[in-house]
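For reference, the structure discussed in these notes is given below.
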Number of protein chains: 2
Amino acid sequence: MASVRPNVRAMTGYVPGEQPRGDQIIKLNTNESPYPPSPSVFAAIQAHLTGDRLRKYPDPTGRAFREVAARVLGVDPDGIVIGNGSDDILTILTRTFVPDQGLMVSATPSYILYRNLAEIQNARFQLVPFADDWTLPQSWPVPKADLTFLANPNSPSGTRIDSHGIQQLLGQLDSPLVLDEAYVDFAPENGVRFSQSSDHSVIVTRTLSKSYALAGIRFGYAVTRPDIAYEMNKVRDSYNCDVLALAAATAALDDQAYLRDIVGKMIATRERMTQAVRELGFTVTPSQANFIWCRRPPEQPVKPLYEALKAKGILVRYMNYPGSGDGLRMSVGTDTEIDRLLEELRRLV
Amino acid sequence: MASVRPNVRAMTGYVPGEQPRGDQIIKLNTNESPYPPSPSVFAAIQAHLTGDRLRKYPDPTGRAFREVAARVLGVDPDGIVIGNGSDDILTILTRTFVPDQGLMVSATPSYILYRNLAEIQNARFQLVPFADDWTLPQSWPVPKADLTFLANPNSPSGTRIDSHGIQQLLGQLDSPLVLDEAYVDFAPENGVRFSQSSDHSVIVTRTLSKSYALAGIRFGYAVTRPDIAYEMNKVRDSYNCDVLALAAATAALDDQAYLRDIVGKMIATRERMTQAVRELGFTVTPSQANFIWCRRPPEQPVKPLYEALKAKGILVRYMNYPGSGDGLRMSVGTDTEIDRLLEELRRLV
């Protein structure tokens, strides 16, 4: 096996959050929606569940989806690229922009996958630390990367760089910027308009795994200018999205009323949860996402809490970032689930 | 947009076969099954079509699928890698084995996508012509490639290198070999046992888009040794297969009786179709796949036939390979569809 590439052989590989089976577990570790997807998603899947649809290839360009998304966002459908989850879009972006030994940059702490994408591409990877208040450095230190990632809202913090901050970053940046908006539906504004400008190359990425409650069907997309989408589509596999996922995603985006309803519920639960966890002595960063980042001083380690909760059937995410310490990232669940979480936490702390 | 990689900018991108909508079209251009998938596929999808399944991430390792596939094939489940279509597996293989400026090799004429995979990876690509009788050269001219592809059965020819020929190739080859077995269920034997040997690195790729009638759900897999699968899984996206596709694929592989039934029907139709098209004056290569490769002498061009059939609502694939000429690749349809095809062809030739 001498022929495996050295960069791949040296990798450990991305370790996704635990995905245990069993309906008894309260799963607050991978930021899934605690609510089901829109009823129209089920109807759309049923309508496509025929022998003729399953035996034939899907529409390789996902036109029906792109037209609905374009209408919802007020952009050109030719600037939308469909993906098998937004991770697929992140891979496509890496392969479109980053050469061998190229440079990829991300703020840190943030989404861990960015490093793996760089390793697979045999690219260099550089981290730029957030300030203590989760803002960006006044002067961005790596303007000439091949690709720069900003998860916005960010994980694990749940914080967001506002439009002024993004504008400032773009003024300093001499490379394409990926605004990873996986969690943006839980925030008061988004960065789509930056992706439409010809002054900079900005690619907004979105997923249906969080606010649209469709982590199981794997669907994400990019919003950018048509000229950038054209290049990304050469790298995209022609049939990366299946017929049922396309139907589900199209129906989900077409039901904005349902989205507003469940997002509203999750935001209300998030605020209550933030307050209650703070009252237990945690430092909780104000979140604009569907999770909260909970820390304690080093003399009160949180890893034993993660383990004790897991033993009680409540799964949260323990995260530890070199240089900036550890914490618990807890997804927003239903009110009942969060009541159970708080009940156990009160016993433990 | 100076930052798009030059290899991507220079590409034209893969052009998939036409995927028109409309049930009136007789679609014989992309080798889909004319029969629906097994009834157990529909039952499995229905069983997973719940809010809880859709809102949560799928099993990242596809264990249930791998266990069924391992039982059917008599191999170790840890040597099976799941893919979002076998094209996803081909991409994973390229990124696992081929460095920047590395060398990828394929016999020709064959699957056109291999060249695109090389272009995206910024690798060199070399073609080795089949002999006139679709066998391999006695001495393989590029033993030290980073990755060598052999579509077996091959498209567009439908021919297959037998075990003796593969053994001979492996004896000459000093690089991993991909045996792309997209069409192998229509042939009398397969190459899985080569993938289990530690003498060579052989990766067999399979798709559910052809014999299993599931092109719409996008599912493929690799069969190889666990040590190779381990490296491929680092490159694979953790959630490349969705919950409904995994359920469908698992049910499809578990129903081998249904597979034998529809494959038997397609082989019978293929033989009848081959005979009838020959009687119309075409040279038809004996096929071990679910399509036939139909050629005529240069003074009787086939492209006008493709166009005339399309005008009548019958879609076949016109293919033209530099250096080896053109022809029509016609998928095996139902008997009724093939009767319509033959009726139109008799009028046209």
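Remember, it's a predicted structure, so these values are computed and weren't measured experimentally. By convention in this document, chain letters (A, B, ...) are assigned in the order of the sequence lines, proteins followed by strands, and residues within each chain are numbered from 1.
- Between A:Lys234 and B:Val8 the shortest heavy-atom distance is NZ-O, 3.0 Å.
- By number of non-hydrogen pairs under 4.5 angstrom with chain B, the leading residue of A:Ile120, A:Asp146, A:Val243 is A:Ile120.
- With respect to chain A, the highest number of heavy-atom pairs below 4.5 Å among B:Asn84, B:Val15, B:Thr30 belongs to B:Asn84.
- Considering only heavy-atom pairs separated by less than 4.5 Å from chain A, the leading option among B:Pro20, B:Ser209, B:Cys241 is B:Ser209.
- Pairing each heavy atom of A:Pro58 with each of B:Ala215, the nearest pair is CD-O, 3.6 Å.
- B:Glu231 and A:Val4 make their closest contact through OE1-CG1, 3.8 Å (heavy atoms, listed as atom of the first residue, atom of the second, distance).
- Options A:Leu244, A:Asn233, A:Asn7, A:Ile45 differ in how many heavy-atom pairs under 4.5 Å they form with chain B, and the most are formed by A:Ile45.
- Interface check for chain B: of the options A:Gly102, A:Pro36, A:Ala213, the most heavy-atom pairs under 4.5 Å are formed by A:Ala213.
- Heavy atoms closer than 4.5 Å to chain B are found nowhere in A:Ser198, neither backbone nor side chain.
- Taking B:Met11, B:His48, B:Arg55 one by one and counting their heavy-atom pairs under 4.5 Å with chain A, the maximum is reached by B:Arg55.
- Atom CG of A:Asn116 and atom OG of B:Ser238 lie 8.0 Å apart (nearest 0.5 Å).
- Contact annotation for B:Tyr212: neither backbone nor side-chain heavy atoms come within less than 4.5 Å of a heavy atom of chain A.
- When B:Gly13, B:Pro6, B:Pro16 are compared by the number of non-hydrogen pairs under 4.5 Å with chain A, B:Pro16 comes out ahead.
- The minimum heavy-atom distance between A:Tyr239 and B:Gln19, with the atom names listed, is OH-NE2, 2.7 Å.
- A:Asp52 CG to B:Glu32 CD: the interatomic distance, rounded to the nearest 0.5 Å, is 9.0 Å.
- Only the backbone of A:Val98 has a heavy atom closer than 4.5 Å to any heavy atom of chain B.
- Counting all heavy atoms, side chain and backbone alike, A:Leu54 lies closest to B:Phe42 at CD1-CE2, 3.9 Å.
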Problem - From CA spacing to verdict: side-chain contact (heavy atoms from CB on, under 4.5 Å), B:Asp88, A:Asp237 - result: CA-CA 7 Å; B:Asp88 183 29; A:Asp237 184 83; over 6 Å; no
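- Residue A:Gln121 touches chain B through both its backbone and its side chain, counting heavy-atom pairs closer than 4.5 Å.
- Residue B:Thr50 touches chain A through its backbone alone, counting heavy-atom pairs closer than 4.5 Å.
- Only the side chain of A:Thr91 comes within less than 4.5 Å of a heavy atom of chain B; its backbone N, CA, C and O stay farther away.
- Neither the backbone nor the side chain of A:Phe219 has a heavy atom closer than 4.5 Å to any heavy atom of chain B.
- Only the side chain of A:Pro60 comes within contact range of chain B, judged by heavy atoms closer than 4.5 Å.
- Put simply, OG1 on B:Thr94 and CZ on A:Arg5 are 10.0 Å apart, with the number rounded to the nearest 0.5 Å.
- Options A:Ala245, A:Gly17, A:Pro34 differ in how many heavy-atom pairs under 4.5 Å they form with chain B, and the most are formed by A:Pro34.
- Ranked by non-hydrogen atom pairs under 4.5 Å with chain B, the options A:Arg53, A:Gln46, A:Arg236 are led by A:Gln46.
- Rounding to the nearest 0.5 Å gives a distance of 8.5 Å between NZ of B:Lys27 and OH of A:Tyr57.
- Between chain B and the residues A:Thr96, A:Leu214, A:Val235, the most heavy-atom pairs under 4.5 angstrom are made by A:Thr96.
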